[in-house]
Protein chains: 2
Amino acid sequence: MRGKGKLTSSLEDYLEAIWLLSRESKVVRVRDVARRLGVTPASVVNAVKMLVRRGLVEHEPYGYISLTDKGMERATQIYERHTILTRFFRDILGLDSNSAERTACILEHHISEKALARLVKFLEFVEECPDVTPYWLKGLHHYLETGKRSVICPLRVKQR
Amino acid sequence: MRGKGKLTSSLEDYLEAIWLLSRESKVVRVRDVARRLGVTPASVVNAVKMLVRRGLVEHEPYGYISLTDKGMERATQIYERHTILTRFFRDILGLDSNSAERTACILEHHISEKALARLVKFLEFVEECPDVTPYWLKGLHHYLETGKRSVICPLRVKQR
DNA sequence: TAATATAATAAGGTAAGTCTAAAATTGTCA
DNA sequence: TGACAATTTTAGACTTACCTTATTATATTA
């Protein structure tokens with residue numbers, strides 16, 4: 001009953017799109033989803049049919065699309081994966097927002113829970129900014145941009 | 001002529017497997033690839049046919065499979081992506097080797113050149129071990145393991 | 001309210017990637 | 001050398017995920 005009921009990448013994309021659209025405009029139609037994902041309405045109808053079968057969305061013929069509680073929960077999980085990956089690629093690796101978004105969009109379907117959890121901790125560690133991290137991060141970004149190591153850290157000579 | 005000629009994830013997997021097997025045993029047969037990838041020989045035959053069409057492998061009917069120069073080049077590119085991802089997930093995020101491998105195996109097909117290039121620089125930065133990184137990395141791993149921040153860095157009080 | 005535009009759906013097709021089952025080939029060894 | 005086993009291949013089916021085209025439903029507005 002509480003089994004994961006795996007979704008394909010494609011269905012995850014549809015579910016995520018429906019969720020995002022419903023945050024933006026209260027009412028979601030086939031057409032909106034099609035535009036968002038760059039597919040034909042026919043493809044959306046098909047996908048929605050499958051999501052309905054799995055109890056993740058509701059859809060009255062020729063009417064609006066909405067998420068069930070289960071669908072909502074699932075969509076937020078997917079979106080969380082998305083934002084974590086975006087943050088990593090943008091804030092740590094310094095990719096521009098678009099590239100980071102696109103990368104997240106693809107990888108979000110394939111990364112494991114285990115790996116994702118590590119990434120979360122990594123971000124926590126970096127973003128909550130303890131001792132050396134600010135220096136380290138600056139040094140990293142300088143290196144990513146210029147290919148050269150900065151000499152920001154005054155520790156250098158002291159180390160051994 | 002020098003166009004990328006994109007491969008599907010699946011074909012990349014086959015090509016990579018053939019390459020890995022040919023490093024291990026000089027001669028590669030349909031059967032070996034099937035075992036390695038956990039698919040039926042019939043699937044391998046199909047895939048190999050497509051790789052032959054693209055000029056990446058050679059195959060005499062009922063005989064051995066080998067890589068062309070082009071296929072070799074391509075396979076090493078794929079494997080490089082693989083190792084970069086493995087290193088990141090294992091050495092930086094501290095995943096066990098198996099999980100890191102599995103993660104790399106999936107993501108290697110989907111990560112963009114741009115993102116991968118950043119990851120490479122990231123690894124360079126960390127592994128070539130400059131000023132603060134050793135401290136920082138120790139702190140990160142401690143945090144990943146225990147959830148607690150260590151006070152390894154003596155800088156703490158000095159900073160402002 | 002009838003005509004028209006827009007939206008949704010159904011039907012049918014293509015391509016990738018797998019499978020099973022059956023047929024063809026090859027290699028081994030008694 | 002001939003028969004059996006292992007391997008490879010072919011043929012055909014299924015699933016996912018798209019598409020196009022044609023039909024049906026809804027909404028707008030003259």
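Letters A, B, ... are given to chains in the order of the sequence lines, protein chains preceding strands, and every chain is numbered from 1.
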Name all pairs fulfilling the ring pair (Phe, Tyr, Trp, His ring centres under 6.0 Å) condition that reach into residues 43-68 of chain A, sequence neighbours left out, sorted by first residue then second. none
Which is true for B:Y64 with a 4.0 Å heavy-atom rule: it touches a base, it touches only sugar-phosphate, or it touches nothing? nothing
Give the first and the last nucleotide of DNA chain D, reading 5' to 3', that has any atom under 4.0 Å from a heavy atom of chain A. D:dT16 to D:dT26
Begin from the C-alpha positions of A:T86 and A:T83 and carry the test side chain to side chain donor-acceptor pair (under 3.5 Å) through to its verdict. CA-CA 5 Å; A:T86 302; A:T83 52; over 6 Å; no
Given the rule in the side-chain contact (heavy atoms from CB on, under 4.5 Å) test, do A:L93 and B:L119 qualify, once you have shown the distances and angles that lead to the verdict? CA-CA 7 Å; A:L93 294 194; B:L119 219 41; 3.6 Å; yes
Partner residues of B:S97 under the side chain to side chain contact (heavy atoms under 4.5 Å, CB included) criterion, sequence neighbours left out: B:R90
Going by the rule side chain to side chain contact (heavy atoms under 4.5 Å, CB included), which residues pair with B:I106 if we only count those two or more places apart in sequence or in a different chain? A:H110
If you measure from CG on B:L123 to NZ on B:K121, what distance do you get to the nearest 0.5 Å? 13.0 Å
Would you say a side-chain N or O of B:T8 is under 4.0 Å from OP1 or OP2 of C:dA16? no
Whether the A:S10 and A:D13 side chains hold a donor-acceptor pair (N or O, under 3.5 Å, no angle test) is what I'd like checked. no
I need a per-nucleotide contact map over nucleotides 1-15 of chain C, read 5' to 3'. Cutoff is protein heavy atoms under 4.0 Å; write B for the base, S for backbone only, - otherwise. ------SSBB-----
Within the 4.0 Å heavy-atom criterion, would you say A:S43 contacts the bases, only the backbone, or no part of the nucleic acid? base
According to the ring pair (Phe, Tyr, Trp, His ring centres under 6.0 Å) rule, which pairs have a member within residues 17-43 of chain B, sequence neighbours left out? B:W19-B:Y79
For a quick check of understanding: with a heavy-atom distance under 4.0 Å over all strands, which category does A:T40 fall into, base, sugar-phosphate or nothing? base
d(CZ, B:R53; C1', C:dA16) in whole Å: 12 Å
Rounded to whole Å, how long is the line connecting atom CG of B:L51 with atom P of C:dG17? 10 Å
Once you apply a heavy-atom cut-off of 4.0 Å, does B:V44 come out as touching a base, just sugar-phosphate, or nothing? nothing
